[in-house]
Amino acid sequence: MYFIICVIAVLIDCIVGDPKKWTHPVIYIGNMISFFEKKWNHGSRRRINGLLTVFLTISITTGSVFLIVFLAIKIHLLLWLVVEIFLISLALAQKSLKEAAMLVCDSLKANDLPEARKYLSWIVGRETNHLDEPEIVRGVVETVSENTSDGVTAPLMYALCFGATGAWCYKAINTLDSMIGYKNERYADFGFAAAKLDDVANYLPSRISGWFLIIFTKCETAKPFKHRYKNWLKDAKKHPSPNSGYLEAATAVQLGIRLGGFNRYGGVESFRAYMGEPYETMQRIHIKKAIRHMYVCTWCVVITGGILYAIACTWG
């Protein structure tokens, strides 16, 4: 049943996206995390307080969604189906990710670098006011690639297994990591549990999604599959995140571009290891190709879920 629900939810998210005139549930999760962070991120018990923040955030989010779904099915099966579809579609970010990326792409097409830098700053943490067009494109491609798993395929995989409750449990984990899972003075202890749990939650989705990208997206180079597969696995391990590299490396290998390089955060320049080989210069067309990768990967997850669902029904 969850397979059919997820197919409809994916289509709704792809075509309609998130409602524009109301606050997304992730905002409420973020407000809750901010409340706990201000209250507890001090003193000598930061790591324990961070663990408590993780527990409460996930429990409240998951419990709330479970209660909504439980009450819906008690009222009527049709209401349960509508609620499940709606909540799962809200947990996905296909259209919003595409729209954010295309704002940058369209600005580049209009030769408006200041506007492109502004829109890029909305979706990345690095400083953008000094970037030229290839570096702007790199920022967008890296963001779309990483969020293909974080924002789409990972919550979809949890939804296929556990419905809306599973999808929003994952969203709580991912939001915790995006807000407090940093290795800096402020969050190194308080966000330790959040970062580690996100690593665990994304371990399989990131690798499966990267594998789908390597197998099913169009290769823009003449390199044989064996060469690309080997480079994917090698480059993925260079990323500071144990999971994000599997998406970014796959994107770089398939598009024949090089990701990674120098970024600036708070006036401090840092270097992230290169992934992929620069057969092509970064161009705005690569933004559209990265978006296409996202859709291909999403439907690979859906189709795989359908195959597994059919097998389970046959054996059942």
Side-chain angles (χ1 to χ4, degrees), residues 1-10 12-13 18 23-37 49-74 80-94 96-97 146-181 190-209 241-244 247 297-298 301-302 304-305 308-309:
M1 180 64 75
Y2 283 142
F3 167 69
I4 299 170
I5 289 171
C6 285
V7 170
I8 299 172
V10 167
I12 290 173
D13 178 59
D18 298 327
T23 304
H24 196 281
V26 168
I27 301 298
Y28 296 113
I29 298 173
N31 290 339
M32 179 166 49
I33 296 167
S34 294
F35 172 80
F36 292 139
E37 195 268 336
N49 289 343
L51 180 61
L52 181 59
T53 296
V54 168
F55 174 76
L56 289 175
T57 301
I58 295 173
S59 297
I60 292 171
T61 302
T62 307
S64 298
V65 174
F66 177 82
L67 181 61
I68 292 169
V69 170
F70 177 78
L71 292 175
I73 199 169
K74 285 294 183 181
W80 173 76
L81 288 170
V82 171
V83 168
E84 281 280 356
I85 291 168
F86 179 67
L87 290 175
I88 292 172
S89 69
L90 283 180
L92 307 178
Q94 296 171 97
S96 59
L97 185 57
E146 177 181 353
N147 282 283
T148 292
S149 178
D150 288 358
V152 186
T153 59
L156 178 57
M157 289 180 195
Y158 283 102
L160 283 164
C161 294
F162 308 109
T165 304
W168 280 98
C169 178
Y170 169 80
K171 293 295 285 187
I173 294 170
N174 190 243
T175 306
L176 280 159
D177 180 66
S178 67
M179 291 186 65
I180 63 174
F190 186 75
F192 178 81
K196 293 302 180 182
L197 184 58
D198 185 74
D199 289 344
V200 173
N202 278 300
Y203 185 88
L204 285 178
S206 64
R207 286 155 179 78
I208 294 170
S209 299
S241 165
N243 297 318
S244 296
L247 276 299
C297 194
T298 300
V301 172
V302 172
T304 302
L308 294 175
Y309 175 73

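Each of Thr175, Ile33, Thr57 was checked for a side chain to side chain contact (heavy atoms under 4.5 Å, CB included) with Ile180, and the lone residue meeting it is Ile33. Looking at Leu176, Asp177, Ile58, Leu51 one by one, the single match for side chain to side chain contact (heavy atoms under 4.5 Å, CB included) with Leu197 turns out to be Ile58. Of the residues listed (Ile5, Val301, Val7), the one engaging Leu160 in a side chain to side chain contact (heavy atoms under 4.5 Å, CB included) is Val301, and it is the only one.
For Phe3, the CZ atom is densely surrounded, since the number of other residues' heavy atoms within 6.0 Å is greater than 12.
Counting all heavy atoms, side chain and backbone alike, Glu146 lies closest to Ser244 at OE2-OG, 3.3 Å. Nearest heavy atom pair, residue Pro205 against residue Met157, reads CA-SD, 3.6 Å. Scanning all heavy atoms of the two residues, the minimum distance from Ser34 to Met179 falls at OG-CE, 3.3 Å. Nearest heavy atom pair, residue Asn243 against residue Asp199, reads ND2-O, 3.0 Å. Of all heavy-atom pairs between Ala167 and Ala91, the closest is CB-CB, 3.9 Å. Contact record, Pro155 with Lys171: CB-CD, 4.3 Å, taken as the closest heavy-atom pair.
With hydrogens and angles ignored, the 3.5 Å screen pairs no side-chain donor or acceptor of Thr62 with any backbone N or O of Ser59. In terms of modelled atom types and a separation under 3.5 Å, the side chain of Ser89 and the main chain of Phe86 share a donor-acceptor contact.
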What verdict does the side-chain contact (heavy atoms from CB on, under 4.5 Å) test give for Phe190 and Val54, after you've listed the backbone C-alpha separation in whole Å, the side-chain angles of each residue and the deciding distance to 0.1 Å?
CA-CA 10 Å; Phe190 186 75; Val54 168; over 6 Å; no

Does the side-chain contact (heavy atoms from CB on, under 4.5 Å) test come out yes or no for Cys6 and Val302, once each step is laid out?
CA-CA 8 Å; Cys6 285; Val302 172; 6.0 Å; no

Test Ile73 against Val69 for side-chain contact (heavy atoms from CB on, under 4.5 Å), laying out the working first.
CA-CA 6 Å; Ile73 199 169; Val69 170; 5.7 Å; no

Using side-chain contact (heavy atoms from CB on, under 4.5 Å), reason through Thr61 and Tyr28 one step at a time and then give a plain yes or no.
CA-CA 9 Å; Thr61 302; Tyr28 296 113; over 6 Å; no

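Below 30°, between 30° and 60°, or above 60°: for His24 and Trp168 the angle between ring planes is between 30° and 60°, a tilted geometry. Ring pair Tyr2/Trp80 is tilted by interplanar angle, where 30° to 60° counts as tilted.
Atom CG of residue Asp18 and atom CD1 of residue Ile12 lie 11.5 Å apart, to the nearest 0.5 angstrom. Between Ile29 atom CD1 and Asn174 atom CG the span is 10.0 Å, to the nearest 0.5 Å. Here the CG-CG distance, from Leu97 to Asn147, works out to 5.5 Å after rounding to the nearest 0.5 Å. Considering CG of Asp150 and CG of Asp198, their distance stands at 6.5 Å, rounded to 0.5 Å. Tyr170 OH to Asn202 CG: the interatomic distance, rounded to the nearest 0.5 Å, is 3.5 Å. Note that OG1 of Thr53 and CZ of Phe35 are 10.0 Å apart. Values are rounded to the nearest 0.5 Å.
Annotation: side chain of Val152 is in contact with side chain of Gln94 (closest heavy-atom distance under 4.5 Å). At a threshold of 4.5 Å between non-hydrogen side-chain atoms, the residues Thr298 and Leu156 count as touching.
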